[in-house]
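The structure appears right after this line, and notes come after that.
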Number of protein chains: 2
Amino acid sequence: MNSATPTPSASDHRATADRLLDAAEQLFADQGVAATSLRQITTAASANLASVGYHFGSKDGLLREVLGRRILPVNVIRLRLLDELETRSAPPSIEEILDAFLRPIFEQPENVRTNFTRLMSRLHHSPDPAAMSYLQEIIGPIATRTLGALKRALPGVPVERIFLRAHFMIGAMLNALSAWDPHHCVVDMAPRNESGDQLLAELVQFSAAGIRQLGEIETLAPKR
Amino acid sequence: MNSATPTPSASDHRATADRLLDAAEQLFADQGVAATSLRQITTAASANLASVGYHFGSKDGLLREVLGRRILPVNVIRLRLLDELETRSAPPSIEEILDAFLRPIFEQPENVRTNFTRLMSRLHHSPDPAAMSYLQEIIGPIATRTLGALKRALPGVPVERIFLRAHFMIGAMLNALSAWDPHHCVVDMAPRNESGDQLLAELVQFSAAGIRQLGEIETLAPKR
DNA sequence: AACTGTTCTAAACGAACGTTTGAATGATGT
DNA sequence: ACATCATTCAAACGTTCGTTTAGAACAGTT
């Protein structure tokens, strides 16, 4: 009687709050938070306009729940991986640290990963005040622990330099994960058929090579 | 009679259009395009609300002129540097190619560079349709030429891989140049007192190391 | 002084936004 | 059957947005 997928397509029997979260996540990722109206969201979710206020209080409340629903599970995995790395005998390599930070994102289902990272990169570059304070409190501890592990893996390297290169990596990650639609890219060739595993490997390799390269900075700038 | 700086501060005698461009650039960079109203811009520029329509036609027209005023001169320098590299006898190194792409941005005055790159990174992650088509037409050729030079500097490497890593570099650059305000950063330590030259050198070094690292991808992902 | 064209201004326009309200609806427990 | 609670709904609220309009202020030329 029932098919393999739970309530596959036609009339959506999930709770209204879930449908609102899904629609908001998709639209926020597609258009940005400020550019998405509650009317768009409720129409896409086949819900009433006032249901956002009823279930989430406000648009900001909806945004917070959209974010937390994806970030919190990822952070649990991140902490577990970091714990495993630090309780081992051998000190972890840079690749292993970066992998612990990046892999939990890539192990999400494809569409979840895509929408979530696109939304994150938008927020990272458009400081919605309500979202930023929330993000700060839930991913700040993870960032601090990851940076601490990197510091221990790079003894003698100034902390500002490590931090700067970690910043480079964050930018590379957000850009790689979010800017894949052709309308968005300024140059028309885009390797869209990249698998998640391969993308993760490329990103870890790229970032590890850049972070490890910590020679004499002053003499390296080519004087043209 | 006249001081060294042309009309230094008090009552602003520059043309209204210039004041509007400056105010719009600052506010767009601070808050994003969609979140900035024409009333904020005209108030900051001490101009009338309708003056935007008079001088630029619409808000999109204002945005296009804000962008073109900064990008077009940078692109002229980029083309000149690329020409110099390609008419030399020795083939250019990866560092030289990246430097030709990045240096013209860093040689802008400090506040121009900061505001412009913050605005660019916002647009790069919030596809305003009008701005994107304009950006595509004015920086598409530059991107194509830079990618062509990278391809020639990395013979035998698949083009998709080069493109992917160039994408990483763009993300690193945008993130490094734009995310320096403490309210914005999820982790509170930020090396704000970095000089432009040092930041450029770090960025070129980081990206060149990552791009050059083109070994066997499949075996590099640490299996945790 | 009179005319012409450019620039600026105050006021209003319609549309879209997030939010709130109060009643209708449906399920649950007694 | 009634009462209770959570949920949904249509409608309206006040605000803000980008844009438009018609006229005032000012310059330069004849």
Side-chain angles (χ1 to χ4, degrees), chain A residues 7 10-28 30-67 119 122-123 126-134, chain B residues 7 10-28 30-67 119 122-123 126-134:
Chain A
T7 46
S11 72
D12 213 337
H13 282 154
R14 290 172 301 141
T16 304
D18 282 341
R19 294 203 315 275
L20 286 174
L21 287 174
D22 289 343
E25 182 179 78
Q26 181 75 52
L27 287 166
F28 285 164
D30 282 344
Q31 312 174 349
V33 176
T36 300
S37 70
L38 294 185
R39 286 166 175 85
Q40 280 183 282
I41 295 172
T42 52
T43 299
S46 301
N48 189 272
L49 173 60
S51 58
V52 173
Y54 175 75
H55 285 286
F56 305 102
S58 65
K59 188 183 184 181
D60 279 339
L62 172 62
L63 174 58
R64 287 169 65 102
E65 198 128 334
V66 164
L67 293 174
L119 173 55
R122 278 195 212 287
L123 285 175
S126 301
D128 182 301
M132 287 317 291
S133 68
Y134 182 60
Chain B
T7 47
S11 73
D12 213 337
H13 283 157
R14 289 173 301 143
T16 304
D18 281 341
R19 294 203 315 276
L20 285 173
L21 287 174
D22 289 342
E25 182 179 77
Q26 181 75 52
L27 287 167
F28 284 164
D30 283 342
Q31 312 175 348
V33 176
T36 300
S37 68
L38 294 184
R39 287 165 175 84
Q40 280 183 284
I41 295 171
T42 52
T43 299
S46 301
N48 188 271
L49 172 60
S51 58
V52 172
Y54 176 74
H55 284 286
F56 304 101
S58 65
K59 188 183 183 182
D60 279 338
L62 172 62
L63 173 59
R64 287 169 64 101
E65 198 129 335
V66 164
L67 293 174
L119 173 54
R122 277 194 213 289
L123 286 175
S126 302
D128 182 301
M132 286 317 292
S133 69
Y134 182 60

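Order of the sequence lines sets the chain letters (A, B, ...), proteins ahead of strands, with each chain counted from 1. This is a predicted model, so every value here is computed, not measured.
By the 4.5 Å heavy-atom criterion applied to side chains, Glu65(A) and His55(A) are not counted as neighbours. Between Leu49(B) and Ile41(B), every side-chain heavy-atom pair lies at or beyond the 4.5 Å cut-off.
Here the CG atom belonging to Leu63(B) is positioned 11.0 Å from the CD atom belonging to Glu25(B), to the nearest 0.5 angstrom.
Atoms CG (Leu27(A)) and P (dG18(C)) sit 12 Å apart, rounded to a whole Å. Atom CG of Leu63(A) and atom C1' of dT19(C) are 17 Å apart (whole Å). Going from atom CZ of Arg19(B) over to atom C1' of dC8(C) covers 11 Å, rounded to whole Å. Taking atom CZ of Phe56(B) as the reference point, atom P of dT7(C) lies 12 Å away to the nearest angstrom.
Looking at Lys59(A), its side chain never comes within 3.5 Å of a backbone N or O of Val52(A) through a donor-acceptor pair. With hydrogens and angles disregarded, no donor-acceptor distance shorter than 3.5 Å links the side chain of Thr42(A) to the backbone of Asn48(A). A donor-acceptor pair under 3.5 Å is formed between the side chain of Gln40(B) and the backbone N or O of Ser37(B). In this structure, the side chain of Arg122(B) engages the main chain of Asp30(B) through a donor-acceptor pair within 3.5 Å.
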Under the criterion side chain to side chain contact (heavy atoms under 4.5 Å, CB included), I'd like the reasoning laid out for Leu123(B) against Phe28(B): C-alpha separation, chi angles, the key distance, then a yes or no. CA-CA 10 Å; Leu123(B) 286 175; Phe28(B) 284 164; over 6 Å; no
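Taking 4.0 Å as the cutoff to heavy atoms of chain A, we find the contact window on DNA chain D bounded by dA6(D) to dA12(D).
Side-chain N/O atoms of His55(B) include none lying less than 4.0 angstrom from OP1 or OP2 on dT6(C).
Listed by residue number, the members of residues 36-50 of chain A with any heavy atom below 4.0 angstrom from DNA chain D are Arg39(A), Asn48(A), Ala50(A).
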